[in-house]
Amino acid sequence: MPVDNQDEPAPMRASSRNKENVLLRPTNRSIPELISNPATPSKVIDAATARAELVSKGMLIPAAGATINDLVNALFEFTISTPGVTQLQRDMLRAIAILLGKADHEQKAKKIAETTSFHMTGAIERLKKAADSHEGKITALDSFINEVRDSIDSAMSRLEKAVENTTSNATESQSTQRVEQNGDPGKSYAKALQARLPKPDSSTLARSEAQTRQILIDRKSMDVTSGLKDLTEAELVRKANQALEGMKATGKEVPQDALFTSARKLRRGGVIFEVDSTDTKTWLSCQSTSQDFSENFGGETMIKNRTFQIIAEYVPTTFNPDSSTSLAETEKNSKLQPGSLIKAKWIKPLARRNPNQRSAFCTLSCKD
């Protein structure tokens, strides 16, 4: 490489640089052509001879791989430790090493980005689907919570009314007791006993009041499937109220305040619904109304009468539990509504009865 001489005129230095630029201008030949160029003979002609040359010069560890980073380090070591390297050669080799290392870094970064993008695309899609699914569940949960809150508010309102009635009745009973204890001439043993009865429990009264507004909806027969067990209690309440709206849409007369407020599923598939008032229950219990409601409610269901078992003691053995006439007479004598007694059954089988027995116990199934 020519050495600059400061005494040399400026035009000659410019000419020297132009000559170097022309000599260093890259050609359009391919790598194999450059390797086999007869003008620059070399024993390094392929990857094996290249690796052997670097190992022999201590630029590469024999057992290690020839990575781009190793080759970059070898170029830098060559420019530092090899004697006779000109400044131009050193600058060119360092430039090639730096650009080679940068290209390797960019290639690795690109590969990492592509790999990360490939693996993250599926995860992002699954995350989006999960988010959409949870959003729908959250919306349904909010709706259910609002329905439960409304049901609790309604139940608390009815409970407060029941407690007020209980408190009022207890106050009247205490007033009566004080009058009798002060020497009421009409005092009797029966009144004294009644005055000493414990105060009615508010929760018992509230539960009893709620039972007067309950309706049982069940399958028409055990051979059909109603699908009620597959619905939540909130969904059952919504379905029952939709049946009322369906009756209105077909022109049926529905009380303005008729509303189903809660539901409780039974083990055998039936559902006990609670309505807003006893008037609504009485309206739904009518045979024609019951049929219209069942058609709109669907699912092979019907409104069934709830029955209660009563034990009747010392019933004359002349009573025939299989006779509808005997049941009607019992209703009349007991001042019950006609049709209240559904069936009767002797507790002890007739075969085990004493021949001289004149009375026995029986169970009466009464309709609510």
Side-chain angles (χ1 to χ4, degrees), residues 169 188-191 193-194 197 200-201 204-224 226 228 240 255 258 260 263-275 277-295 297 299-368:
N169 294 336
S188 63
Y189 287 108
K191 291 183 178 181
L193 179 61
Q194 185 177 8
L197 290 176
D201 183 54
T204 303
L205 290 175
R207 186 165 56 252
S208 177
E209 190 272 338
Q211 288 177 350
T212 61
R213 294 180 284 103
Q214 291 178 349
I215 292 176
L216 172 62
I217 296 181
D218 202 351
R219 294 172 290 177
K220 291 183 179 180
S221 67
M222 300 300 293
D223 300 330
V224 298
S226 64
L228 299 180
F260 285 82
R264 177 166 56 89
K265 295 198 294 186
L266 303 178
R267 290 183 178 180
R268 295 187 178 182
V271 181
I272 294 180
F273 286 92
E274 185 175 328
V275 294
S277 65
T278 55
D279 293 337
T280 301
K281 175 184 176 179
T282 303
W283 172 73
L284 285 169
S285 300
C286 295
Q287 185 175 1
S288 59
T289 304
S290 174
Q291 292 177 353
D292 292 337
F293 176 82
S294 298
E295 291 176 359
F297 190 78
E300 294 293 330
T301 58
M302 64 179 296
I303 297 178
K304 291 186 176 181
N305 294 316
R306 298 185 64 189
T307 58
F308 300 91
Q309 304 296 322
I310 299 176
I311 297 179
E313 301 177 346
Y314 305 107
V315 178
T317 56
T318 56
F319 174 73
N320 183 7
D322 299 327
S323 172
S324 58
T325 303
S326 298
L327 293 178
E329 291 179 356
T330 304
E331 291 172 349
K332 182 178 180 181
N333 295 334
S334 302
K335 297 181 180 179
L336 298 176
Q337 293 291 334
S340 297
L341 291 180
I342 299 176
K343 64 179 180 178
K345 181 180 179 181
W346 294 112
I347 295 179
K348 181 188 287 188
L350 297 180
R352 297 177 56 188
R353 184 180 293 177
N354 191 313
N356 298 323
Q357 187 172 339
R358 295 292 178 265
S359 62
F361 289 11
C362 74
T363 58
L364 302 176
S365 297
C366 300
K367 182 173 65 174
D368 183 14

Task: Side chain proximity check, Leu216 to Leu266, heavy atoms < 4.5 angstrom - done: yes

Open item on the list: Quick check on Gln337: does its CD atom have over 12 non-hydrogen neighbours (other residues, nucleotides or ligands) under 6.0 Å away?
Closed with: no

- [ ] Please check if the side chain of Gln309 supplies one atom and the backbone of Thr363 the other of a donor-acceptor pair under 3.5 Å.
- [x] no

Open item on the list: Can a donor-acceptor pair be found, under 3.5 Å and without considering hydrogens, that links the side chain of Arg358 to the backbone of Asn356?
Closed with: yes

From [X] [atom1] over to [Y] [atom2], what is the distance, rounded to the nearest 0.5 angstrom?
X	Y	atom1	atom2	value
Ile303	Asp218	CD1	CG	12.0 Å
Lys265	Phe273	NZ	CZ	10.5 Å
Ile272	Arg264	CD1	CZ	4.0 Å
Lys332	Leu341	NZ	CG	14.5 Å
Glu295	Thr301	CD	OG1	10.5 Å
Lys343	Leu327	NZ	CG	11.5 Å

Minimal non-hydrogen separation, [X] against [Y], with atom names:
X	Y	answer
Arg219	Met302	O-CG, 4.3 Å
Ala360	Thr317	N-CG2, 4.5 Å
Arg353	Trp346	NH2-CD2, 3.3 Å
Phe319	Ala344	CE2-CB, 4.0 Å
Lys345	Pro321	N-CB, 4.2 Å
Arg213	Glu274	NH1-OE2, 2.7 Å

TODO: Assign the ring pair Phe293 / Phe260 to parallel, tilted or perpendicular, where the plane angle (0 to 90°) is split at 30° and 60°.
DONE: parallel

Task: Partners meeting side-chain contact (heavy atoms from CB on, under 4.5 Å) with Thr280 (sequence neighbours left out) - done: Ala258, Val275, Asp276, Ser277, Leu284

- [ ] Return the set of residues passing side-chain contact (heavy atoms from CB on, under 4.5 Å) with Ser323 (not counting sequence neighbours), or none when no residue passes.
- [x] Asn320, Thr325, Ser326

